[in-house]
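Remarks on the structure that follows.
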Amino acid sequence: ITNKHSTPNHSKGGTVLSRRNYRLASDTDKPKVTGIVNEKLLSDYLHHVFPASSKPGPASAAYRKTLTFQDLGAHLEKLLAEDNIEGCLGPSTVVLDHSSGFEGLLFVDDDLLGVIGHSNFSSIRATTCVYKGKWVYEVLISSQGLMQIGWCTLNCRFNQEEGVGDTPDSYAYDGNRVRKWNVTTTNYGKSWAAGDIVSCLIDLDEGTITFCLNGQSLGVAFSNIKTGPGVAYFPAISLSFKESVAFNFGSRPLRYPSHFYAYTYRFYVIPPTTDLIKANRLLGYLKTVLSTYIDTQEEKLVERDSGVWQIQGDPTILVTLAHIFNHFAPLMCKVYLVEDVLMNFLLSILEGGGSVEEHPLIQQLLDLFWLLMEDHEVSECLKQLMMSLLRAYRFSPIIPDLGFQIHYLRLTTAILRHEKSRKYLITFDVLRSVVFFYIKTPLRVKEAGLEELIPTTWWPTRFDKERDTREETPEERLRRRAYERGCHRLKKRIEVVEELQVQILRLMLNNKDKGTGEASRYIFLNKFRKFLQENASNRGNPTVLCPPEYMVCFIHRLITAIRSYWDEGKRKSPGSISSEDAYVPPQLFYNGKVDYFDLQRLGGLLSHLKKTLKAMKQKISMYEFLFYIHCTSNRPSGAVAMGGALARPSWLSSPTLGRANRFLSTAAVSLMTPRRPLAPPEKVKVRTLAVEQRTEEDIEGSHGNDGLLLGRPFEEPDQPITEKSLLEILDGVVMMYNLSVHQQLGKMVVVSDDVHEYAVALKDTDEKIARCPSRRPDILEELQKTQKVFAEKLNHLSRRLAWINATIYSKEKMLDVYWLLQVCIRTIEHADSTGSLFTFMPEFYLNVAMNSYSALKNYFSPSNCMEELPGYEDTLAQLAAILAKHFADPRIVGTDIKDSLMQALASYVCYPQSLRAVERIPEEQRMAMMRNLLAPYEQRPWAQTNWILVRLWRGCGFGYRYTRLPHLLKTKPEDANLPSLQKPCPSLLLQRHMAELLSQDKDMAASFLNSVLNQLNWAFSEFIGMIQEIQQAAEWPERNFVDTRQLKVCATCFDLSVSLLRVLEMTITLVPEIFLDWTRPSAELLLRRLAQLLNQVLNRVTAERNLFDRVVNLRLPGLESVDHYPILVAVTGILVRILVDSDKQGISRAASVLLSDPCFQLRSIQYLLGEGDARAASADRKHFSLHTYTDYISTEEEQKVEQMLTFLTEESKQAAASTAPTSEDDLCPICYAHSISAIFKPCSHKSCKACINQHLMNNKDCFFCKATITGVDDYTKPASS
């Protein structure tokens, strides 16, 4: 062999020849070839490596011809030509017929072998059919949903309802419903799961069709199928929406070459038998070379362990290998041979166990590949090898020790340890390699061996901790501990796989392997960003999206790898921060170095923010602009920003101009103009590059260029954080969590919920068995059957839950999510400090902060408790500060993110721990939060704000200490973890802040309460209108169904009315002077409006045989919350506060206003205590009375209501006696309830003060003539008239 670049490179593995253009030596080159051993030894070596007979040995040595390199080519050709099996390779490659053989909408993979359903029930067949003989093909099940797999003829016509097996000449197996189909259907086979392989066999000589699942025959499914002239069968499948499979028609080896069919049934594509024999023989020769050592001193051949073989540059061995690879290289471009020959050979090298580093032979072999094969051959070979490993890993069955998964991951690690191969493979599709980080969940516990691993099952038996205080029995304790030991064993086995997966990622994130070009990390980073872009931009295209279950595993491995590299960097550079304090600096969001693919920013779209920047740029002088650019662009990396060398210009000290310039400083420069510093030699170019083109320098920066962190704002500390590439990967991890990880974490909780439901059902059944009378053995038998079913289901689910807890909800995974929450909090805090630049932050950071907290609180319990997390209390307070500050932040413009922040804050105040966290934030921030909550309820989502205020009050109001309404106590809530079903936990501190704000700011108090009264008027009016429609529909003779949406809206309006009344009760309790101190300008008006609304509510709800009563008694599903108690108790609370608990003057004013309202009826107050019209209390219906709610209303509260009723009875009698009749002409022409008492300027029209004051709060035009009112004077009727 001759080599143009024969200089050896010395590396750890010995001598490695650099890349070459080799050719086989000929006679004319003989003088140039040096180092070849003597002729006899060479002949012995070549005969040893390439034996002529099938049984190599010394017996024939005396008779064989001397062999030299000149004869080796012909000798090898002869050997490879022997024993060839006659026959052709068969038809051209069989694939799915995507041109005419399909029905419905489907996505077909590039190789035309994978398919995803994208409509109701889609069907597709293969391109080739069979008409005689025995044939088989395999289907790899990617999702376990509704599919029918089998055979069909060309005459079969499918549609969106009928698929394979639903027509006369089509036959199918359906593992989802465990049935077989041929027009009719019967039970057949076993259920399949994702990762299973179905083999479809057809025997056209016997007329039978059989199916196998994971190599196990399911028996003959169909016999006497139609055969003969004109009948031919195609492989075919029908599948429902989002289901997916991959076919193997023979382009790859069988996954389950069972003796049942491997030698009698033929593949569609005839296996390349000739090539297979050649490849195996060549591999045998290669193995012999690896295990043979030429001892030139003794002139003999020595057998040795091939595991320690290294490329030593021995010409004899290299020339021999060149001859082998001359034939071997072209074969290694064929997927079948790569999977059947090469992959199995490489796996066999690692079978001895030990760490991957203990098997250097794979590294040496990959060096050989790159040395002796053409680049395109190595590339194709590695690509096919990686694809085969991915398939093998993805579809391997789960066994107790996860042996298959570990086996394939070890080989993947070994290959990726080879630098040149790693860099080529990272450029390969990252979307596919994510499969390596996934650990699938077994659906069939028995086959996964979980029964042996976790022999004892356990599940919680106590569900109400408050009521059930009994101790755990010794038997329960033993079972629980045995179950926990089994779970621990399982977790340890899963951790072995996870550790291998992290090793793979660490190899991909290596940034020191610069010997062969760009370091691996920067290749990975560019591919990773592209992967994120595809998942962020193609939310509706399932072929591009990474499945969420893969994403969950990937994000955890990525966090582990990032943190390990981060902390390694911290040890090398003590000045940087540790991963415990990690955050993403705000520069990344606005300097244009990282692509966020049109994702929404807090301030809107990037295009809008750029325009804002341009406008701000024009507001300051060009000199100042350039000076600022000069200051920021020439800052040396790692040095103190704006230090002694550069004085801070005075104009930057201006609070307004400084902010403008800070806003402009980097974003304007990097997004719109290249930097032009005043000092010409130090020019720094800003390149906004396509993701694929960025280099290490673009990311990490160098010599005064900050790379990704270009344009540090003044507020940001000038301290190195970590390697900038890790920051971008961390940013990507946060984005991944937002894309699909959080939703998947929520989905997997369903198994835990199922365990809980079945455990409750089993406990209920046990109690029924205990109570079952002995005279009813039939009932006892049925109950025992039910008990057995529930127990079996729980055994299965508890083992499955152990797997899910180990892979998804373990303590380590919880710490990962917690770390991500802390990263988001710190990132938001840093970005917030930059002022207007905060608008550039992508919305997903706030979403992840809220969602990760929600996941920690709701998804990881009860197996792991959030309270045990380190620094938990501080983190809660930090998140509380973020929610309190940003729910009304004017810099945030997106309505969705605003709603999410408001909902998160509303949920936060429902739980005692998080509410205390809100109370721990600085007082200034608390006051600002309360001020934002008390803004008028107009032109904003006020319902959530009102809900927050109600939660702060719940537990303090009249009869307002309940968790669930009295009439709903016997029903089971859908989800007991809902914020609305939490126990009352009022905040006296925040109530005090509210009182301070409302009493000090009279204008704010008036506008806030006016808006609350307006919304109460609207909500209650809407509610009454809707129940009128519902009542009419219920009374029609024909059966009418009320729209469920209408019922929901009706219930919502009722709940809003109740919560608005509670906010009024809260306000009047905390700050009664707003209504009762008539020196305040709007106090009297607010009190009159309040009285008017309270009377309206009371009259509507308490009128006998009224509309409200009838709808409540219907007990319609959806209207469960509509009842007398919540609304009447809320109204009573307000009345008691103003008529009993106030001072004498206040009580007098409240009583006079209430009684002067024309809608006031004493009977409504009597109704509260069940003292209404005696005729109403008929025998068929229980009368409402506050006396019946002894668990909800205290004796003291009852006495106050009785006191109020006595007082109002007396007052109403006196008012009736003293009121003189009023002429109709003297009544207000608007309300006809009060006398005229005000005259308008300048138009002189008249009304009562209540009407005009209420009108002027929203409108300045006169009622009558639409003239603008400039003033209102008191009006007294002249005595003469």
Side-chain angles (χ1 to χ4, degrees), residues 880 883-888 898-899 901-912 914-919 921 925-963 979-980 982-1001 1004-1020 1052-1072 1074-1075 1086 1090 1093 1126-1127 1129-1131 1133-1134 1137:
L883 296 175
K885 179 169 186 180
H886 298 300
F887 83 91
K898 279 179 160 179
D899 286 350
L901 285 163
M902 183 71 84
Q903 286 169 17
L905 184 61
S907 170
Y908 224 68
V909 298
C910 291
Y911 301 87
S914 47
L915 178 60
R916 301 299 163 246
V918 175
E919 293 179 345
I921 65 177
Q925 291 183 16
R926 292 198 303 268
M927 293 295 279
M929 177 186 81
M930 292 309 297
R931 188 174 284 106
N932 286 323
L933 289 173
L934 296 173
Y937 284 6
E938 271 107 25
Q939 295 167 357
R940 69 189 188 92
W942 56 268
Q944 285 288 0
T945 305
N946 199 73
W947 164 253
I948 293 170
L949 293 174
V950 166
R951 285 302 310 193
L952 299 179
W953 178 243
R954 192 170 192 168
C956 295
F958 183 92
Y960 201 37
R961 293 168 292 280
Y962 58 81
T963 301
S980 57
Q982 301 310 304
K983 283 186 176 178
C985 51
S987 171
L988 300 178
L989 176 66
L990 296 176
Q991 288 178 22
R992 196 162 66 244
H993 290 332
M994 178 176 171
E996 287 171 23
L997 288 167
L998 289 177
S999 59
Q1000 290 166 10
D1001 192 334
M1004 181 179 78
S1007 58
F1008 167 68
L1009 284 164
N1010 186 49
S1011 66
V1012 172
L1013 292 165
N1014 284 344
Q1015 299 299 355
L1016 175 59
N1017 187 25
W1018 166 83
F1020 192 71
T1052 303
C1053 286
F1054 179 78
D1055 293 339
L1056 282 175
S1057 302
V1058 173
S1059 61
L1060 287 161
L1061 284 165
R1062 286 297 184 182
V1063 168
L1064 287 168
E1065 180 195 18
M1066 176 185 185
T1067 311
I1068 209 163
T1069 305
L1070 297 174
V1071 203
I1074 294 179
F1075 292 92
L1086 288 171
L1090 178 66
L1093 282 167
I1127 196 161
V1129 172
V1131 171
I1134 298 172
R1137 183 67 190 82

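The analysis underlying the following values was restricted to heavy atoms, covering all of them including side chains, and did not include hydrogens, waters or symmetry mates.
Among all heavy-atom pairs drawn from L949 and M1066, the shortest one is O-SD, 3.5 Å. Residues L883 and A904 come closest through the heavy atom pair CD2-CB, 3.8 Å. Heavy atoms only, all atoms of each residue included: R1062 and V950 are closest at CB-CG2, 4.3 Å. Minimum interatomic distance between C910 and W947 (heavy atoms only, all atoms of both residues): SG-CZ2, 3.8 Å.
Checking V1063, L934, L998, L1086 one by one against L1009, the side-chain contact (heavy atoms from CB on, under 4.5 Å) holds for a single residue, L1086.
Between Y962 and Y960, the ring center distance clears the sub-6.0 Å criterion.
Checked by atom type, the side-chain pair W953/Q991 shows no donor-acceptor distance below 3.5 Å. Residues Y937 and N946 have side chains that bring a donor and an acceptor to within less than 3.5 angstrom of each other. For the 3.5 Å distance criterion, the side chains of Q982 and T963 fail to qualify, holding no donor opposite an acceptor.
Residue pairs meeting the salt bridge (Lys or Arg N to Asp or Glu O under 4.0 Å) criterion with at least one partner in residues 938-963, sequence neighbours excluded, are R961-E1197.
Residues that satisfy the side-chain hydrogen bond (donor to acceptor under 3.5 Å, both in side chains) test with K885, not counting sequence neighbours, are D832. Evaluation of the ring-ring contact (aromatic ring centres under 6.0 Å, His included) rule for H993 yields no partner, not counting sequence neighbours.
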